[in-house]
Amino acid sequence: MEEVQLMKGNEAVAHAAIRCGSDGYFGYPITPQSEIMETLMAERPWETTGMVVLQAESEVASIYMVFGGAATGKKVLTTSSSPGVSLMQEGISFACGADLPCLLVNVMRGGPGLGTIQPSQSDYFQSVKGGGHGDYKLITLAPASVQEMADFVELGFQLSFKYRIPCMMLSDGVIGQMMEKVVLPPFKPRRTQEELLEQCPWAATGKTEDRERIVITSLDLDPYRMEKKNEERQSRYRLVEATEVRYEEFMCTDADYLIVAFGSAARICQNAVESLRAEGIKVGLLRPITLWPFPGKILAKYAEKVRFMLTVELNAGQMVEDVRLSVNGKVPVYHYGRMGGIVPTPEEVSTAFNKYL
Amino acid sequence: MSNPIIDPKNLVYEKSKVLSDNTMHYCPGCSHGTAHRIIAEVIEEMDRQKETVGVAPVGCAVFIYNYLNVDFAEAAHGRAPALATAIKRLNPEKLVFTYQGDGDLAAIGTAETIHACNRGENIAIIFINNGIYGMTGGQMAPTTLEGMVSSTCPNGRDVAIHGHPLKITEMLALLEGTCYVTRQSVHTAASVRKTKRAVRKAFENSLQGKGTSIVEIVSTCNSGWKMTPHQANLWMEENMFPYYPLGDLKDK
Ligand SMILES: Cc1ncc(C[n+]2csc(CCOP(=O)(O)OP(=O)(O)O)c2C)c(N)n1
């Protein structure tokens, strides 16, 4: 029997990282996610699996430690919250430019600026539209439970290594801080160097006689080669969009109306949908799990059937833009959001929904 | 590479096989090329080509990976010590070094430099101090001397405005994590030999896990300084060496 445990989303990330055979964690404390590094430090995985855990001097250093580790093919992650993730944007762009796999976790808090330590979803744009410079994408996974925070660690690594695109787990202060039942993933040993060499022939592991030197870089001053590199990357993005879209539907089959929400907002909306259904209103909930690639096709399909869509987000209206792009004017798309760390109640969501009926 | 013109018995010196055949992009007279050659020779003599991962800077030496025939990761401006930290910790058997200019190491990357040294990361840092930003066209560096002209201090560095030239190597020598801190140059045959010994020691320290080693190489940037290579060497001796005196600052 799998062991059911009670823990915070943040703690689940730490345990999952050890269990899935991560090679290294680099981070800098920031609320509301500091439990991740605290848990790792308490667990001392360097004595068991050999995983390196290091508190860096800043998020700038953390992301470049991740870059360095990933450059040698290692399975490395960093975690932070909004201001820290802003500081990492240069490094994230560099990692994308060098096609390095790695896992990033943002346990979002309200902004802009120092903002608040309360939960928010206002880094949606930053995560899915490219917060740093250049044409790049992050595979963005939005967990809505402690279980998903645990599960998306390995999933994030898998997707990231498969496509050589950094993966962002975009969580928030609600999911990170709340305690819930979770079944942690089974222990998996760290890859041996032989396995790494086989799986990551692109990594800088030391130049042997049988191959040319390997250089991990995002730089190329020849515009034609640089364009080719970008085109190749874009073609991987198209492949991800075609194959890796993930979402969850709740009471959607007969829906006349659709609520679209991710992460903690989706949990609240699920309650709202249940009470609206009890009143006889046929409303469904579509929860994007991958924010990029965005489940636009399924939304376009629902646009043929429903009368309107409502996005509920803990922000001023960010994902709503992608929903509108997806339905392309077919149905009205409204937004309801709270900011500043306020988490709406299901009743507030129902009231907001009823306004458009 | 055998040279058909030279009779093997007359051969006294050969290009290191850790140096690639690519033509270097450095200006004639620049110190980077000599510093690269020294590193290549040390890696070859230590027989560590297979175990080496270098970290390239942003600066004139950004393309060091085109010249040294070892695996490289290219850092963002200033972040080389952070990359090297993780590379070495995750691959403890590797020889890991960074190669950084003064802007890279002592301005934008100061935090990463100090903290990597303070943690005593088992890496070697080769620090090229040419007192100027070479790559971007000769702007003021943290190490630009008082009164020295650059494109962003065209009337000479005024310490009242810009502060004093930063002796970062002295600062790093104070940190418990550093085991070997030295300042050398590559402008004479004798200084090249000394620098080579210093680089070798730094690399050996890293492999032996003694802590962080720093080899500062006081260098010329004759293009940035607007001098002939020969003038630049003389100017360096007269002006740079008194402020940045050569020799070991720490060897423990
Ligand atoms: C974040 C960032 N800021 C600025 C630059 C522009 N830049 C490139 S090289 C450089 C200065 C390099 O000078 P130094 O480190 O002294 O090396 P040198 O070129 O003299 O060898 C600057 C400012 C950059 N590439 N990245």
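Proteins get letters first, then strands, A, B, ... in listed order; numbering begins at 1 in each.
- Under a cut-off of 6.0 angstrom, the local environment of CD in B:Glu45 is crowded, with over 12 non-hydrogen atoms contributed by other residues, nucleotides or ligands.
- Two residues are said to be in side-chain contact when any heavy atoms from C-beta on lie closer than 4.5 Å; A:Ile214 and B:Phe72 fail this criterion.
- Summarising the geometry, atom NZ belonging to B:Lys50 is positioned 8.0 Å from atom OG1 belonging to A:Thr208; distances are rounded to the nearest 0.5 Å.
- Contacts with chain A were tallied for B:Ala75, B:Ala76, B:Pro81; B:Ala76 has the most, counting heavy-atom pairs under 4.5 Å.
- At a 4.5 Å heavy-atom cutoff, A:Ile63 makes no contact with chain B through either its backbone or its side chain.
- For chain B, no part of A:Ala98 is nearby; none of its heavy atoms comes within less than 4.5 Å.
- Chain A forms the most heavy-atom pairs under 4.5 Å with one residue out of B:Ala86, B:Ala111, B:Ala116, and that residue is B:Ala86.
- A distance of 7.5 Å separates OG1 of A:Thr217 from CZ of B:Phe63, quoted to the nearest 0.5 Å.
- Counting heavy atoms of neighbouring residues, nucleotides and ligands inside a 6.0 Å radius, atom CG of A:Leu219 exceeds 12 of them.
- For the pair A:Ser58 and B:His115, the minimum side-chain heavy-atom distance is 4.5 Å or more.
- Environment of CD in A:Glu198: sparse, with no more than 12 heavy atoms of neighbouring residues, nucleotides or ligands closer than 6.0 Å.
- Heavy atoms from other residues, nucleotides or ligands lying under 6.0 Å from NZ of A:Lys129 number more than 12.
- Of the listed residues B:Leu68, B:Leu90, B:Ile87, the one with more heavy-atom pairs under 4.5 angstrom with chain A than any other is B:Leu90.
- Note: B:Asp71 leads B:Leu83, B:Val55, B:Asp71 in heavy-atom pairs under 4.5 Å with chain A.
- With a 4.5 Å cut-off on non-hydrogen atoms, A:Arg190 does not touch chain B at all.
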Would you check, one step at a time, whether the test side-chain contact (heavy atoms from CB on, under 4.5 Å) holds for B:Arg89 with A:Met65?
CA-CA 10 Å; B:Arg89 287 199 181 220; A:Met65 288 175 184; over 6 Å; no
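- Within 6.0 Å of atom NZ in A:Lys229, more than 12 heavy atoms from other residues, nucleotides or ligands are found, so the atom counts as buried in its surroundings.
- For the set A:Leu221, A:Val60, A:Val215, the count of heavy-atom pairs under 4.5 angstrom toward chain B peaks at A:Val215.
- A 4.5 Å side-chain heavy-atom check between B:Thr52 and A:Lys207 finds every atom pair outside the cut-off.
- Salt-bridge formation is detected for the pair A:Glu57/B:Arg119: a Lys NZ or Arg NE/NH1/NH2 atom is positioned less than 4.0 Å from an Asp or Glu carboxylate oxygen.
- B:Leu95 does not touch chain A: none of its heavy atoms, backbone or side chain, sits under 4.5 Å away.
- Counting non-hydrogen atoms of other residues, nucleotides and ligands closer than 6.0 Å to CD of A:Gln199 gives a total above 12.
- Atoms CZ and CZ, on A:Phe94 and B:Arg79 in that order, are 9.0 Å from each other to the nearest 0.5 Å.
- Using a 4.5 Å heavy-atom cutoff, the side chains of A:Arg213 and B:Asn66 are in contact.
- The local environment of CD in A:Glu232 is crowded, with over 12 non-hydrogen atoms from other residues, nucleotides or ligands closer than 6.0 Å.
- If you measure heavy-atom distances from B:Val70 to chain A, the contacts under 4.5 Å come from the backbone alone.
- Under a cut-off of 6.0 angstrom, the local environment of CG in A:Asp135 is sparse, with at most 12 non-hydrogen atoms contributed by other residues, nucleotides or ligands.
- Residue B:Thr85 holds its OG1 atom at 14.5 Å from OH of A:Tyr64, rounded to the nearest 0.5 Å.
- Heavy-atom distances place both the backbone and the side chain of A:Ala61 under 4.5 Å from chain B.
- With hydrogens and angles disregarded, a donor-acceptor distance shorter than 3.5 Å links the side chain of B:Lys94 to the backbone of A:Thr205.
- For A:Ser93, no part lies near chain B; criterion is any non-hydrogen pair under 4.5 Å.
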